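What follows is a single structure, written as structure tokens, with notes after it.
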Amino acid sequence: MTRTKSRLFFKNALLISVHSNKEPFISDVLVSQEGLISYVGREITEDAEDADRVIDATGKWLLPGFVSAHSHFWQSGFPGQASDKSVNEWSEAIYQPARNLTPQDIYTLTSQGAASHIRKGITTAFNFTYSPNFRDGLADRAQFIAALDSGIRFVHGFNVGAVTPRWSNEQALARTKKFLEWASTVDTSGKYLGTMIANHGIIYRTDSSIHMEAEVMQKLNLHGHLHYLESPRSQDIETEQSRWTWLRDAGLIDQRLIVGHFLHPTPSMLREAAHAGVRMSWNPMSNGRLGSGIADIPEYLKKGLCIGLGVDGEASSDRCDPFENMRMGLYSTRGKYQDPSVLTTREVLYMHTLGAAKVLGIDEKVGSLEIGKQADMVLLDPPSSWKLDDPVSTLVLSAGVEDIRAVFVGGVEQWPHMSTVHKDPTRLPELAWTFSSK
């Protein structure tokens, strides 16, 4: 039988495991032509040297690519804006000028944002998209194609709109079906990991839009991701807490829902969310920058809530850096409790890799270095040449993007030597996707 050459062979790397019961260990790693991890261990044969590419990783660390459970690629053009504003005023300052963005603008910003994630070691992300003129679908497709062209692996966050006299449940359902049909024909690389509804209905005056989102999710078997309980203002907290019943009445409090931020739940809401299988994206850099609050992560974990870290957008965290994000979350939580043992380095590393993948429902594909999973990896120089007794803690507490030597998606180097050819945004599909207002 003819043997297929491997795509990539790492020799003598220190593998950083994200599982709490497994210490880092020296290993070789083989990547198949399909971009999957095909071997991890030390019993490798000499013909592994025939791989398309061989990397001697002696003295280097190999870890799974980071996963961001909550990102906004298009916000790459807005770092540093509204620097002393809380989330409501910040949102006005960002979204007001964004309404004038063309699909080509959005393609460019999304490309920049996705590439910025990759440069910092994030190989998979949930991307909240922005569609100022959503009826024609051009902005949706621009963001999808831009993410695809960047080389990142992504879950697409799709906005179905709000119920108005000119926009009905039927139109929202038709628009979502149209997008899903189109998306299913575009990607042949495996980078696209599915679509979720980017829930916004909680912000409107009535619950009709929440029910519309729930209907679309139910009929098309989709999950959803909701910004929730982010604002620190007492009136906003009270209003959003009261709208928990909207989510319950719409049938959304279950394992299909991800709550982003989730800083100010009542104890009963937290218990109900954890019991129902609701998951959470934790975005500590954004929460700190906007003064939104500090999530009580130890309490959430005690209740059994599934939590994944997200870097949010570069307009609110200003830097989609998973190293800074882990430290911000760890330090703010320890400071809140005045106890350095209340949250560990292993826990936050898990939350930014396999934990975030579990939140997104893609942990069978990404998030850890295991045979059969996608070969999405970060090759790192140790931040110190001295003997390190606890590489995981050193990684979380000391390593940074400056230590990254290379980032791979599916065993293909995406940084610093980008292999992807970026395409002209004017090639966007020409399907009109317009809907009548009847």
Side-chain angles (χ1 to χ4, degrees), residues 66 68-122 125-134 138-152 154-159 198-200 203 225-228 230-233 236 260-261 263 281-293 309-325 328-329 401 415 422 425 428:
F66 290 100
S68 173
H70 185 123
S71 292
H72 300 253
F73 293 161
W74 72 272
Q75 291 183 5
S76 66
F78 299 91
Q81 302 299 302
S83 61
D84 58 353
K85 305 297 182 185
S86 61
V87 63
N88 296 306
E89 294 79 15
W90 166 89
S91 184
E92 284 247 352
I94 298 302
Y95 283 89
Q96 185 65 35
R99 291 171 188 160
N100 298 318
L101 294 172
T102 67
Q104 285 71 31
D105 294 332
I106 291 176
Y107 174 95
T108 299
L109 292 172
T110 301
S111 296
Q112 292 174 356
S116 182
H117 278 62
I118 292 171
R119 283 199 307 274
K120 297 178 179 70
I122 299 172
F126 176 90
N127 180 32
F128 276 102
T129 60
Y130 176 61
S131 302
N133 299 303
F134 65 87
L138 285 174
D140 294 294
R141 286 171 285 172
Q143 289 165 95
F144 185 98
I145 294 171
L148 203 59
D149 288 352
S150 76
I152 201 167
F154 66 100
V155 177
H156 186 90
F158 186 80
N159 180 7
N199 302 91
H200 293 90
I203 68 174
H225 199 325
L226 170 70
H227 287 76
Y228 191 49
E230 180 180 6
S231 170
R233 297 195 311 192
D236 295 334
H261 302 291
L263 298 173
S281 68
W282 178 29
N283 315 309
M285 277 202 300
S286 176
N287 298 155
R289 197 269 215 197
L290 296 174
S292 299
L309 276 158
V311 292
D312 213 319
E314 288 174 282
S316 64
S317 66
D318 304 283
R319 181 179 172 85
C320 50
D321 185 330
F323 299 96
E324 286 191 8
N325 205 37
M328 181 71 184
V401 296
W415 191 89
H422 291 276
L428 297 178

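Owing to the predicted nature of the structure, the values given are computational and were not obtained by experimental measurement.
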Across all chains, not counting sequence neighbours, the ring pair (Phe, Tyr, Trp, His ring centres under 6.0 Å) partners of H156 are F144, F179
Set of residues satisfying salt bridge (charged side-chain N to carboxylate O under 4.0 Å, His left out) with respect to R119, sequence neighbours excluded = none
Would you mind telling me which of D318, N283, V87 makes a side chain to side chain contact (heavy atoms under 4.5 Å, CB included) with R289?
-> D318
Partner residues of W74 under the ring pair (Phe, Tyr, Trp, His ring centres under 6.0 Å) criterion, sequence neighbours left out | F78, Y95, Y130
With sequence neighbours left out, write down each residue that passes side chain to side chain donor-acceptor pair (under 3.5 Å) with S91, or none if nothing qualifies.
-> none
In chain order, what residues pass the side chain to side chain donor-acceptor pair (under 3.5 Å) check against S286, with sequence neighbours excluded?
-> D312, S316
Taking only residues two or more places apart in sequence or in another chain, which ones pass ring pair (Phe, Tyr, Trp, His ring centres under 6.0 Å) with H72?
-> H70, F128, H227
Output all residues satisfying salt bridge (charged side-chain N to carboxylate O under 4.0 Å, His left out) with D105, sequence neighbours left out; order by chain, then residue number.
-> none
Sequence neighbours excluded, the answer for salt bridge (charged side-chain N to carboxylate O under 4.0 Å, His left out) partners of E92 is none
By side chain to side chain donor-acceptor pair (under 3.5 Å) - contacts of N199 (at least two apart) | E213
Go through the steps for S317 and E324 under the test side chain to side chain contact (heavy atoms under 4.5 Å, CB included), then give the verdict.
-> CA-CA 10 Å; S317 66; E324 286 191 8; over 6 Å; no
With F73 via ring pair (Phe, Tyr, Trp, His ring centres under 6.0 Å) - residues at least two apart = H117
Write down the atom of E314, the atom of G113, and the distance for their closest heavy-atom approach.
-> OE1-CA, 3.7 Å
Which residues pass the side-chain contact (heavy atoms from CB on, under 4.5 Å) test with D236, sequence neighbours left out?
-> N88, S231, R233
Identify the two heavy atoms, one from M285 and one from D321, that lie closest to each other, and give their separation to 0.1 Å.
-> CE-O, 3.6 Å
Should S281 and H225 count as side-chain neighbours, where that means a heavy-atom distance under 4.5 Å?
-> yes
